[in-house]
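Read the structure below first, then the notes.
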Amino acid sequence: MSDLAIELHWQRAEPAFQPGKYSAEHTVRYNNRYEVQVDAAPDWGGQPENTNPEQALASALSSCHMMTFLALSAKAGWPVASYHDYAEAHLGKNSAGQMSVTRIDLHPVVRFDTGFDVDDDALTQMQDRAHRYCFIANTLADSVEINIL
């Protein structure tokens, strides 16, 4: 199996390293090409214009679910024209009482080529199959509630 990696870099900007008095802003690099500015969520002092790990987790799940849905749809002969999702990570306490992403809601909207239709039940079944086969969903299965709305 593949080993998939990123590079992360953080450099202190403040003269002293003290609790609550340093920036967590850092860079994540993908494939030696793309850099993303990452920070804590705004509720924990991060800059709102940067992404945060919780958003990145929601993004990973949404992307994986979409790619799995597309693969299954292609095999079924469903001519998907577009796919849009709004994914939202929710924070709360896990069973050990620790802060955690406790739920991620996906809101996929699928459009097909003109003239092709599937009923709501068939579309729901395909979304359920995509969820079952998604690597990220399987990774989170024991700790995060995932809803496909």
Side-chain angles (χ1 to χ4, degrees), residues 1-11 13 22-149:
M1 283 290 165
S2 299
D3 290 329
L4 306 167
I6 58 95
E7 288 182 51
L8 181 146
H9 179 74
W10 173 85
Q11 179 72 46
Y22 63 91
S23 171
E25 187 172 358
H26 58 283
T27 302
V28 173
R29 179 180 280 210
Y30 296 87
N31 304 325
N32 285 327
R33 185 170 179 186
Y34 301 103
E35 288 188 357
V36 177
Q37 291 303 117
V38 182
D39 206 341
D43 289 349
W44 284 272
Q47 298 298 316
E49 65 271 12
N50 294 331
T51 192
N52 58 66
E54 296 81 7
Q55 287 175 315
L57 182 62
S59 172
L61 176 64
S62 178
S63 292
C64 182
H65 182 89
M66 179 208 66
M67 289 186 284
T68 307
F69 181 90
L70 293 177
L72 293 170
S73 294
K75 285 182 182 178
W78 291 11
V80 177
S82 69
Y83 185 105
H84 175 84
D85 193 10
Y86 174 79
E88 191 171 13
H90 299 272
L91 296 175
K93 301 262 178 146
N94 64 17
S95 60
Q98 300 168 316
M99 285 301 295
S100 173
V101 173
T102 57
R103 188 178 92 225
I104 300 174
D105 295 332
L106 303 180
H107 299 85
V109 176
V110 182
R111 302 274 185 250
F112 298 98
D113 288 353
T114 303
F116 182 84
D117 251 341
V118 295
D119 64 36
D120 289 343
D121 287 341
L123 186 57
T124 297
Q125 287 177 357
M126 187 67 83
Q127 291 287 6
D128 288 344
R129 284 185 66 211
H131 176 69
R132 284 195 317 271
Y133 294 119
C134 169
F135 302 163
I136 303 298
N138 290 335
T139 301
L140 301 173
D142 293 336
S143 59
V144 178
E145 175 187 345
I146 300 169
N147 298 307
I148 303 161
L149 309 170

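Side chains are part of it too, since the values below use all heavy atoms of this structure and drop only hydrogens, waters and symmetry mates.
Within the structure, every pair that satisfies the side-chain hydrogen bond (donor to acceptor under 3.5 Å, both in side chains) test and touches residues 101-129, not counting sequence neighbours, is listed here: His65-Gln127, His90-Arg103, His90-Asp105, Arg103-Asp105, Asp105-Asn147. Pairs of residues two or more places apart, or lying in two chains, never qualify as salt bridge (Lys or Arg N to Asp or Glu O under 4.0 Å) while including a residue from residues 76-97. Evaluation of the side-chain hydrogen bond (donor to acceptor under 3.5 Å, both in side chains) test over residues 29-39, restricted to residues two or more places apart or in two chains, returns Glu25-Gln37, Thr27-Gln37, Arg29-Glu35.
Shown here is Tyr22, whose OH atom has no more than 12 heavy atoms of other residues, nucleotides or ligands within 6.0 Å.
Interatomic distance, CG of Leu61 versus CD1 of Ile146, reported as 4.5 Å (0.5 Å rounding). Note that CH2 of Trp44 is 4.0 Å distant from CE of Met99, once rounded to the nearest 0.5 Å.
Partners of Phe135 under the ring pair (Phe, Tyr, Trp, His ring centres under 6.0 Å) rule, at least two apart in sequence or in another chain, do not exist in this structure. Qualifying side-chain hydrogen bond (donor to acceptor under 3.5 Å, both in side chains) partners for Ser100, counting only residues two or more places apart in sequence or in other chains: none. Residues meeting the side-chain contact (heavy atoms from CB on, under 4.5 Å) test with Asp43, sequence neighbours left out: none. Under the side-chain contact (heavy atoms from CB on, under 4.5 Å) criterion, Leu8 pairs with Ile6, His26, Val28, not counting sequence neighbours. Ala58 meets the side-chain contact (heavy atoms from CB on, under 4.5 Å) test with Ala87, Ala89, Ile104; sequence neighbours excluded. For Pro53, the side-chain contact (heavy atoms from CB on, under 4.5 Å) partners are Val38, not counting sequence neighbours.
Counting all heavy atoms, side chain and backbone alike, Val101 lies closest to Glu54 at CG2-CG, 3.9 Å.
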Determine all donor-acceptor pairs shorter than 3.5 Å in which one atom belongs to a side chain in residues 67-76; sequence neighbours excluded.
residue : atom : partner : partner atom : Å
Thr68   : OG1  : Cys64   : O            : 2.8
Ser73   : OG   : Phe69   : O            : 2.9

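At least one side-chain heavy atom of Phe112 sits less than 4.5 Å from a side-chain heavy atom of Val80.
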